Amino acid sequence: MDRGTERGAPPSRGAGNGAADGPAAAGRVPLAVVVVDRDGMVSHWSRGASRLFGAGKEEAIGCPAADLLPVSGALAEEDSPLYGVYASYDGLGPDLESSLDGGLSYPAAGRARLTVPGADRVDVLWWAYPLVGPGRERLLVLAADAGALHQDLDLDEGTVAVERIAPAFALHTDFPGADELARRLPEILPSMSVGESARIVAQILELGYPVMEFSQNDRVPVTPDWGVPRRAERKARRERAARAAAEGLPLPQDEVDEGEDLEYVAVRERLEFLNEVSGKIGTSLDLSRTIVEVSRAVVPRFTDVAGTYLREQVVAGEGFPDGVPDTTTMWHRVALEHTDEPGRWDDVVPVGEAMPFPAHTPFFQCMTTGEPVLVPRISEQMGHAIASQFEKRDIRPLITGRSMLVVPLKARNVVLGFMILLRHPERVEFNDMDRVTGAELAARAGLVLDNARMYTFQESVAETLQDSMLPHIPPRMAGCDIATRYLPGTLLGRVGGDWFDSVKLPGARTALVVGDVMGHGLNSAAMMGQLRTAVQTMAALDLPPAQLLRNLDDLAQRLGDSYLATCLYAVYDPIASELHIANAGHIPPVIVRAGDGRSELLDLPTGAPIGVGGVPFEAVRVRVAPGDRLLMCTDGLVEVRGEDIGVGLATLTESAAHPAASMDDACDAIIRALNTRGGRKDDVALLMARLNGIEPDDVAEWRISPDPVEVGRARAVVREQLHDWGLGRLADGAELMVSELVTNAVRHSHSRPVELRLVRGDSLLCEVDDDDHDLPNLLSAGPTDEHGRGLRVVSTLAREWGASRTKAGKTVWFELTLPRR
């Protein structure tokens, strides 16, 4: 099709100068060129558009494109004998209307009847190209006057038996006029830069060329394959309709059906299919469910077999895949839907299998180019080549003779996977229109899969972040057992500001912490991480609870005033059988007494939340007995919108008193009791500690004078005590390590006696206290060095060791695993 005075649209393959050329003939008509921006306004209006639509460039630029294409009236067949059944449609055509509204993302073509001011109604043929990329342009529309085409052909009644006249797209053809199009497009789009025009040319070359074909037989390819009845048949139908009208008889239904516009039926069916598929996929952000939805949406309406393959990173919920796939890329078969007899595919190509694809396969071509690959029929040779990658499995009977379409699942120009679509041999082969449909289907599916992948990835990142910020507390500490639970918010994201912790303290004591940063999301989680680290650091300094909260409040003030936090800090002394607790605006803990099973909320000074500033904190001491349970949690467990928090606290107190077989069972029972009320939207942190205590007979203490001769006495009393406890097997190692620690303490002590303590619990704990505040360092001693080997011996023989400052100085300790009885 020649462009006349409007350049830029390439002629169809085999087009001549308006005369018939072989089995096909092509005419020359001027083209109107219109560019629509992303707001639906005209940004380019060619001279041909001014002639065709009757509006000048000045009045068209910046106006809504739809307003310049008014629709009016139906086209009588006598007015346009050349186009026949097109006359039944009155309007822009669903594809052009959708294109102007931005509703289509693939090229379309059709016919429309427009009313032009000062002229008769104009019958036009049009082609629309959606434009993507960084520019403002959204749509390129080419249009031709069908009446002028009729005059150029000079076709009188009965001159030529034209079978098909339709605008179309010659997809994926080797078109020799591409260079000319690239060179001349700036001529028809003079307001565009070279880069913009090159981008549009690239898209047109990718989507297909506008083609006007006058086909005299079915051998000439027309895409889409829109059939139009022969002119003689239309004339015969008109005569039959006239006779029926003269005789007062209704027109037979089959005559009415034959007159339906097959072009628009075909397009409408594909649009309905794509809309139907779009409604079936992406109903959730669950990746596994989305994969199944995508596969099931196309079987059996579009294909008989659909196999979906995804890259490893997508299946694993990891980040966006890097690089172009190659022969080493592993592809996971994540879904397979088919209409064959049940089980036929299961053993040969099971879901869950991962495999690479060789370079000679159409799958590799699809995944590396990112373009659909159409195989009209899988030959025996191709079937053998495909089957060669399946070890000890012959898939040739499943694929040979079938029509195959491989479509890429892309997002942001990266291939996430692909779908292999197969049709039974007796079904019509996939064609170019199916390729376009499959590409559009895959584009929508790729977007949905990428959304699910990103959600899965972000959820995984959030869980990893939250998990990394929550401590992995050992179930047993000195004199107590601990169980914890964390529940993320159900509606406000996977990351929150709730936390719990436990810290080993000198004197076989344990610090128990529960806190809650107000708010949700990454910022709250980051603030939580800072506060938790600060609590651990200050707990290691053995600060009293009230002083620790005071320092934490000061830290929050320095970090900023954007966040507040509540915190409950308790120190459990299993030897003294008491809790030392301070509260910063947190809900009170629950104590469950072992003697009578009674549970109660501890009455503590509430204190202000961390971050308020200038408010004092108080600490109280609570006597406990062996077997008592302490329950600390955040308000997300007990608080429900619209309900008084007292109701939740009462439920918590009641559920905590119920007997349970284990600590974990007790935590689960509390979660069930509080979580079934509904309405919970906050995250939850729960810590339960069973306060077992340490019997006086399991503790031995000595005061050592700061004299080097006392080191020998320290070794002797430790050996004797271990033999009394039945731990003689530990005596040699313990005696050696005690000797090293006491020697260091005596050397650095100032005036106070050195204190030596042995505690028998789940392990053997040894602590040495002195009044020097400088913590010891692990050194690498040389052959001639006199010092630096003591802590090396301790670190080698002990299961665990450490040092911490105390109010009076420091404590150095080590633990040994008790021998099995």
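The residues of the chain are indexed from 1 along the displayed sequence. Being a predicted model, the structure only gives us computed values, none of them experimental.
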| Passes salt bridge (charged side-chain N to carboxylate O under 4.0 Å, His left out), Asp732 versus Arg719? Steps please. | CA-CA 8 Å; Asp732 291 341; Arg719 176 175 288 275; 2.7 Å; yes

| field | Contact check, side chains of Met688 and Arg629, non-hydrogen atoms, under 4.5 Å | value | yes

| said: So, taking the atom named OG1 in Thr653 and the one named CZ in Arg598, what distance separates them when rounded to the nearest 0.5 Å? | reply: 12.0 Å

| Salt-bridged, Lys504 to Glu815, with N to O below 4.0 Å? | yes

| field | Atom of Ala594, atom of Asp628 and distance for their closest heavy-atom approach | value | N-OD1, 2.7 Å

| Within the distance-only criterion (no hydrogens, no angle test), does the side chain of Asn551 pair as donor or acceptor with the backbone N or O of Leu548 below 3.5 angstrom? | no

| task | Supply the atom-to-atom distance Leu730 CG to Leu818 CG, rounded to the nearest 0.5 angstrom. | result | 6.5 Å

| Over 12 foreign heavy atoms within 6.0 Å of CD, Glu695 | no

| task | Answer whether the closest heavy-atom distance between the side chains of Leu758 and Leu765 falls below 4.5 Å. | result | no

| message | Contact between Val513 and Phe500 at the side-chain level, heavy atoms closer than 4.5 Å - yes or no? | response | no

| message | Please check if the number of heavy atoms outside Arg729 that lie under 6.0 Å from its CZ is greater than 12. | response | no

| task | Hey, could you give me the CG/CG distance between Leu549 and Leu543, rounded to the nearest 0.5 Å? | result | 10.5 Å

| field | Ionic contact status for Arg485 with Asp664, cut-off 4.0 Å | value | yes

| query | Phe814 versus Glu767: any side-chain heavy-atom pair under 4.5 Å? | reply | no

| salt bridge (charged side-chain N to carboxylate O under 4.0 Å, His left out) between Asp596 and Arg593, intermediate numbers included | CA-CA 6 Å; Asp596 54 10; Arg593 302 296 181 178; over 6 Å; no

| Of all heavy-atom pairs between Tyr569 and Ala539, which one has the smallest distance, and what is that distance? | OH-CB, 3.4 Å

| task | For the residue pair Asp707 and Ser705, confirm or rule out a side-chain donor-acceptor distance under 3.5 Å. | result | no

| field | Arg311 side chain reached by Val414 side chain, heavy atoms, under 4.5 Å | value | yes

| Would Thr634 and Asp498 count as having a side-chain donor-acceptor pair, cut-off 3.5 Å? | yes

| Between Glu312 and His332, what is the shortest heavy-atom contact and its length? | CG-NE2, 3.1 Å

| Main-chain N/O of Glu735 paired to Ser739 side chain as donor or acceptor, under 3.5 Å | no

| Cationic N near anionic O, under 4.0 Å, Arg752 to Asp771 | no

| said: Can you see whether Gln557 engages Asp553 through a side-chain donor-acceptor pair at a distance of less than 3.5 angstrom? | reply: no

| Ser749 (side chain) donor-acceptor with Val746 (main chain) under 3.5 angstrom | no

| Is any side-chain N of the basic residue among Arg550 and Asp554 closer than 4.0 Å to the acidic one's carboxylate O? | yes

| Taking side chain as C-beta onward, heavy atoms only, is Pro589 less than 4.5 Å from Leu604? | yes

| Basic-acidic side-chain contact under 4.0 Å: Lys810, Asp769 | no

| Glu618, CD: over 12 other non-hydrogen atoms inside 6.0 angstrom | no

| Carboxylate-amine/guanidinium proximity below 4.0 Å for Asp501 and Arg532 | yes

